[in-house]
Amino acid sequence: MENFYKDNDRLKHQLSHPLLREIVALRENNYAESAEYACAPTDFEDAVECYDKAMEVFGEICAETIAVNAPKVDKQGPSCENGRVTYADGTQENHRVLTEASFYGLSLPRKYDGLNFPTVLSIMASEMVARADAGFQNIWSLQDCAETINEFGDEELKAAMLPRISKGATCSMDLTEPDAGSDLQSAMLKATWDEANNTWRLNGVKRFITNGDADIKLVLARSEEGTTDARGLSLYVYDKQWGGVTVRRIEHKLGIKGSPTCELVFDNAPAKLIGNRRMGLIKYVMSLMNGARLGIGAQSVGISEAALQAAKRYASERKQFGKAIIELAPVYEMIGVMQAKLDAARALLYETSRFVDFSKAYTEISKARSLEPEERQKYKAVQKNADMLTPILKLMSSEYSNQITYDAIQVFGGSGVVQDFPVERYYRDARVTSIYEGTSQLQVIAAVKYVSNGELLAKIREYAAGITEPETAERFNKLAEQFEEACSICAAAGGELFSFHSRRLVEMGGHIVMSALLYQDKDFDARAAESFAMYLKMTEAWNIDRLTYIKSFGETDLAALKEVACK
């Protein structure tokens with residue numbers, strides 16, 4: 001039987017990372033819960049054995065059920081009638097099987113019927129689901145909304161909502177509106193307090209809502225009358241059982257067709273406030289979006305894995321000019337580059353997940369007691385790293401997903417654009433990854449502040465310090481110097497020119513970070529060594545190209561380009 005965990009040794013390898021032992025000890029409160037819950041691990045080895053068995057079952061479901069259903073779901077899609085959504089038949093089966101196997105609430109505390117798995121494990125599961133069906137991954141991974149409820153909701157709200165999510169209640173993030181897409185601070189869906197019924201009421205329209213007819217919703221709404229900016233927005237929980245929300249329509253999309261993207265009408269819908277008023281966008285949605293961007297990183301890597309495996313199989317079987325096309329230099333170069341990009345994106349995905357794990361663990365500890373000075377220092381450091389790497393991950397992994405699926409079709413040739421093979425679906429599914437949960441351009445805006453303040457360069461220097469081979473260390477130091485030079489040129493220019501070059505700067509830094517992470521794994525096997533060697537060479541070429549462009553493109557060039565583009 002096929003299994004998306006057992007056939008990918010890169011996933012199990014994450015369980016042997018040296019930092020996981022510390023992450024699990026923090027998350028399990030030094031395994032104190034084993035006295036209260038029979039399913040809780042007694043030590044690290046017990047925990048890893050549990051994770052391994054769970055991921056093996058999960059990998060089998062992804063390969064044998066979700067992936068098998070994916071082509072049918074892509075054709076059938078969801079439907080909307082009388083204001084309600086009905087999932088495609090295959091989507092309903094996927095949801096039933098995962099619910100029966102208790103694969104919802106993976107990272108929720110056991111007191112809310114969750115499994116208390118680290119983020120690394122939930123991201124691993126998310127990658128496998130995306131490899132099977134990226135559209136279904138959207139539905140399944142939105143259970144991450146529970147993390148926001150768990151972190152910011154009061155105990156009454158958590159007790160009411162979280163056990164239901166652990167048992168399979170679906171979720172959605174209702175943020176965007178017809179006139180407020182990427183600019184969420186412009187959201188105008190209205191929240192008013194109903195004194196007579198002791199509840200909040202929501203009125204307005206939300207658009208482009210993934211899984212819009214979900215059971216439990218997180219809704220961004222304007223609670224402060226007369227405001228037009230982020231300070232007037234609050235975050236609410238809505239339960240479909242309360243009524244008042246209907247689906248106006250489902251969008252007809254290029255890809256991820258199993259996931260219903262909805263336009264919603266809120267008509268006096270009752271809702272409950274999460275946390276404090278006015279903090280909806282400033283605090284809670286920013287946290288929610290960071291989790292969602294990590295999920296899109298997993299989705300991008302999963303789609304890339306599916307496309308690469310399909311391309312490798314086809315290239316090994318397809319014969320032209322008397323040999324399998326994988327033996328032809330133009331093809332094996334393409335596949336080698338695809339592999340290196342995938343391995344680099346995956347390395348960054350799990351590095352970011354580990355920083356998120358540490359951050360969440362210290363957040364939970366701080367609720368029970370004051371952190372020690374050393375703990376506070378580490379908490380601050382891991383939070384900074386998580387915030388810095390998340391937008392870089394979202395940017396690079398989604399762009400690579402688009403490139404890898406594009407190249408997969410090229411490997412298939414004419415067969416790649418017909419529906420007899422799955423790569424055309426992977427290509428369609430990948431396209432949105434660089435758009436939703438913040439476009440690539442918005443990820444650059446989020447990441448470039450770490451270029452401006454020098455923290456990305458400091459992180460690069462930290463990674464470079466761990467490289468022990470003199471020749472390799474020299475190459476990394478040269479890359480760091482080139483990055484520092486590019487940053488200095490752009491900082492001196494300032495203003496619009498700095499903004500113009502910001503993506504080049506973020507990509508330069510991202511390439512170096514991913515090269516360093518591949519270096520850490522290069523001794524795993526021959527493939528890891530080859531991916532590191534190839535990616536480092538590509539980084540050297542890419543970065544000198546960007547530095548050269550930055551040096552040659554100044555204010556005069558910018559003014560001329562702007563004049564032509566804006567005519």
Side-chain angles (χ1 to χ4, degrees), residues 14-37 40-48 51 107-111 114 116-123 147-148 150-152 275 283-284 286-287 290-291 294 347-393 446-447 449-468 476 480 509 512-513 516-517 519-521:
Q14 302 304 324
L15 301 184
S16 63
H17 194 280
L19 289 178
L20 189 63
R21 182 179 293 270
E22 186 178 351
I23 288 168
V24 176
L26 288 170
R27 192 169 188 92
E28 291 293 340
N29 192 22
N30 288 318
Y31 307 99
E33 287 197 359
S34 61
E36 184 177 356
Y37 298 96
T42 55
D43 55 29
F44 178 68
E45 288 70 25
D46 188 21
V48 168
Y51 302 156
S107 59
L108 286 177
R110 295 185 183 90
K111 67 183 289 189
N116 202 44
F117 281 9
T119 300
V120 166
L121 270 294
S122 60
I123 289 300
E147 294 289 326
T148 298
N150 185 44
E151 186 171 355
F152 302 114
K283 184 176 182 180
Y284 311 135
M286 288 300 101
S287 173
N290 270 347
L294 191 64
L348 182 56
L349 172 65
Y350 289 102
E351 178 80 343
T352 307
S353 298
R354 286 186 286 271
F355 285 129
V356 171
D357 261 323
F358 275 117
S359 177
K360 288 186 175 183
Y362 283 121
T363 296
E364 286 303 309
I365 292 170
S366 68
K367 292 177 182 178
R369 62 170 175 80
S370 297
L371 296 177
E372 299 294 331
E374 184 179 344
E375 292 175 320
R376 283 198 302 273
Q377 186 177 1
K378 185 160 187 178
Y379 185 17
K380 185 178 179 181
V382 296
Q383 185 64 61
K384 178 188 69 179
N385 285 325
D387 289 344
M388 177 168 59
L389 294 185
T390 295
I392 299 175
L393 165 69
K449 67 180 179 182
Y450 298 102
V451 174
S452 301
N453 63 18
E455 289 179 351
L456 182 55
L457 178 61
K459 190 66 185 176
I460 287 169
R461 296 283 191 198
E462 180 186 326
Y463 283 130
I467 296 171
T468 56
F476 269 93
I512 303 170
V513 167
L517 295 174
Y519 172 84
Q520 294 175 4
D521 280 343

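Nothing fancy with the numbering, it's 1 onward along the sequence. From a predicted model like this one, the values you see are computed outputs, not experimental measurements.
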- Message: Within this structure, what is the OG-CG distance for the pair S353 and L20, rounded to the nearest 0.5 Å?
- Response: 11.0 Å

- Item | Residue pairs involving residues 452-464 (criterion salt bridge (Lys or Arg N to Asp or Glu O under 4.0 Å); sequence neighbours excluded) | K459-E462, R461-E484

- Task: Looking only at non-hydrogen atoms, find the nearest pair between F476 and I512 and report the distance.
- Result: CE2-O, 3.8 Å

- Query: What pairs with T148 under side-chain contact (heavy atoms from CB on, under 4.5 Å), at least two apart in sequence or on another chain?
  - Reply: F152, L218, L235, L288

- Task: Determine whether Q377 and E372 make a side-chain contact, defined as any pair of heavy atoms from C-beta on separated by less than 4.5 Å.
- Result: no

- Mind checking whether F117 and I123 have side chains closer than 4.5 Å, heavy atoms only? no

- Task: Applying side-chain contact (heavy atoms from CB on, under 4.5 Å), name anything that partners A446, two or more places apart in sequence or on another chain.
- Result: P391

- Message: Suppose we screen for side-chain hydrogen bond (donor to acceptor under 3.5 Å, both in side chains). Which residues come up paired with S34, at least two apart in sequence or across chains?
- Response: none

- Note on the structure: On a heavy-atom basis, the closest approach of F358 and L19 is CZ-O, 4.1 Å

- Please name all residues satisfying salt bridge (Lys or Arg N to Asp or Glu O under 4.0 Å) with R110, sequence neighbours left out, ordered by chain then number. E28, E33

- Task: Under the side-chain hydrogen bond (donor to acceptor under 3.5 Å, both in side chains) rule, collect the residues that match up with N150, sequence neighbours excluded.
- Result: none

- Query: Rounded to the nearest 0.5 Å, how far apart are CD of E351 and CG of N385?
  - Reply: 8.0 Å

- Query: If you measure from NZ on K360 to CD on Q383, what distance do you get to the nearest 0.5 Å?
  - Reply: 10.5 Å

- Task: Applying side-chain hydrogen bond (donor to acceptor under 3.5 Å, both in side chains), name anything that partners Y31, two or more places apart in sequence or on another chain.
- Result: none

- Task: Kindly write out the residues that satisfy salt bridge (Lys or Arg N to Asp or Glu O under 4.0 Å) with E374, not counting sequence neighbours, or none if the list is empty.
- Result: none

- Name all residues meeting the side-chain contact (heavy atoms from CB on, under 4.5 Å) criterion together with Q14; count only those two or more places apart in sequence or in a different chain, and write none if there are none. V120, M124, Y350, R354

- Note: L517 and L348 closest approach over all heavy atoms is CD1-CA, 3.7 Å

- Query: For the residue pair L456 and G509, what are the closest heavy atoms and their distance?
  - Reply: CD2-CA, 4.0 Å

- Results of side-chain hydrogen bond (donor to acceptor under 3.5 Å, both in side chains) for T42 - residues two or more places apart only: D46

- Specify the closest pair of heavy atoms between L26 and A361, including all atoms of both residues, with the distance to one decimal. CB-CB, 3.8 Å

- Atom pair OH/OG1 of Y379 and T363 - distance to nearest 0.5 Å: 2.5 Å

- Taking C-beta and beyond as the side chain, do N290 and M286 meet within less than 4.5 Å on heavy atoms? no

- Applying salt bridge (Lys or Arg N to Asp or Glu O under 4.0 Å), name anything that partners K111, two or more places apart in sequence or on another chain. E155

- Message: Could you tell me if the side chain of V513 sits less than 4.5 Å from the side chain of I392, heavy atoms only?
- Response: no

- From OG (S370) to CZ (R376), nearest 0.5 Å: 7.5 Å

- For D357 and T119, work out which heavy atoms get closest and say how close. OD1-N, 2.6 Å

- Reported CD-to-CD distance for the pair E151 and E364, which is rounded to 0.5 angstrom: 7.5 Å

- Item | Set of residues satisfying salt bridge (Lys or Arg N to Asp or Glu O under 4.0 Å) with respect to K378, sequence neighbours excluded | E22

- Report yes or no: does S359 contribute a side-chain atom to a donor-acceptor pair with the main-chain N or O of F355 at less than 3.5 Å? no

